[in-house]
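Heavy-atom basis, side chains included; hydrogens, waters and symmetry copies ignored.
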Amino acid sequence: MTTTAFKEPVRRAPSGAAARAPRRRAGRLRRISLPYLLLLPALLLELLVHLVPMVIGVVMSFKELTQFYIRDWSTAPWSGLGNYQVSVDFDAPVGEALLHSFLVTVGFTLLSVGLCWLIGTAAAVFMQDTFRGRGLLRALFLVPYALPVYTAVITWVFMFQHDNGLVNHVLHDQLHLTDKPSFWLIGDNSFYALLTVSVWKGWPFAFLIVTAGLQNIPRELYEAAALDGAGTWQRVRRITLPSLRPVNQVLVLVLFLWTFNDFNTPYVLFGKSAPEAADLVSVHIYQASFVTWNFGTGSAMSVLLLLFLLAVTGGYLLFTSRGRRAADV
């Protein structure tokens, strides 16, 4: 008795299937590449707006570019590292002024960022609970951030006026906290005026970011802590702040970069020549470039500022990433 082995017939794909497979791969490739193609014009514009001026600024920092070569800056003679040596020579007038401006900017930035974060976090925690009028109050908190910078700062300029400003009227005429009206836009008080305006228009951004971060914290954690007898400060310390650590890390970095590079606020508040007590490095570089017409030295100062910010950002990111890994372990 013999058995016959039956083999399953080989199914051949239709002739059109082989042609449809490359078309499907091409269609999939087009779908994947379409978002990048749509982003390409914006990316090119960003490169033109930011990268090209940056490269030109670096080239200008190696040239003796003054008002005599402004018509054709490419013909300015090369100075090598001469502009950088002048900028960092802290015994000379140019370097000493730059160092003073840098120290003023560091102190101003630390105070402004710290106060913005503190006020914004406190306001966000306070607004976390539901109460009547919370929506209106939240909208009012965001008004300083929503206003255009020039509109907000010009309003503060009128408020800081010596003779008829609202600040002197309240402090001197109504509260009698000062012996005589103060000068807020000149002298040592200019630092406090600049700090006030910076915090006033910066803390709503911190409030907005922290408020968004609070939405990701489960309410069950607060309810369990309340049942265990934890007070308000203990809940904030043990639950809110640790949960907001990733948000705060990004928030502090963004506030630092924005505040350290802020040019609009001091320029609108004081004009082209800021007082010595409020001489931020951004305005100082502007004066070195467009007031004294020494664009080579001003470009060298800009490059030094860029290197400093890159170093601070890299160190901050390295420090925070190590902290996150240690917390995860």
- Query: For F183, which fellow cluster members are found when Ile, Leu, Val, Met, Phe, Trp and Tyr are connected by side-chain heavy-atom distances below 4.5 angstrom, either directly or through intermediates?
  - Reply: I186
- Message: For the aromatic rings, using the six-membered ring if either is Trp, is the centroid distance between F205 and W258 under 6.0 Å?
- Response: yes
- Could you tell me whether Y316 and F256 have their ring centroids closer than 6.0 angstrom? no
- Y267 and S282: side chain to side chain donor-acceptor pair (under 3.5 Å), yes or no, with the steps? CA-CA 9 Å; Y267 184 80; S282 57; over 6 Å; no
- Which heavy atom in L304 sits nearest to a heavy atom in S87, and how many Å separate them? CD1-CB, 3.9 Å
- Message: Can you confirm whether or not the ring centre of W203 sits under 6.0 Å from the ring centre of W117?
- Response: no
- Message: Counting neighbours of CZ on F90 that are heavy atoms of other residues, nucleotides or ligands and sit closer than 6.0 Å, is the number greater than 12?
- Response: yes
- Task: Check G202 against C116 and note the closest heavy-atom contact, atom names and distance.
- Result: C-SG, 3.7 Å
- Task: Report yes or no: does S61 contribute a side-chain atom to a donor-acceptor pair with the main-chain N or O of S299 at less than 3.5 Å?
- Result: no
- Any side-chain heavy atom of Y69 within less than 4.5 Å of one from K63? no
- Quick one: hydrophobic cluster around L37, which other residues, with the 4.5 Å side-chain cut-off, linked directly or via members? none
- Query: Would the F126 and F141 ring centres measure less than 6.0 Å apart?
  - Reply: no
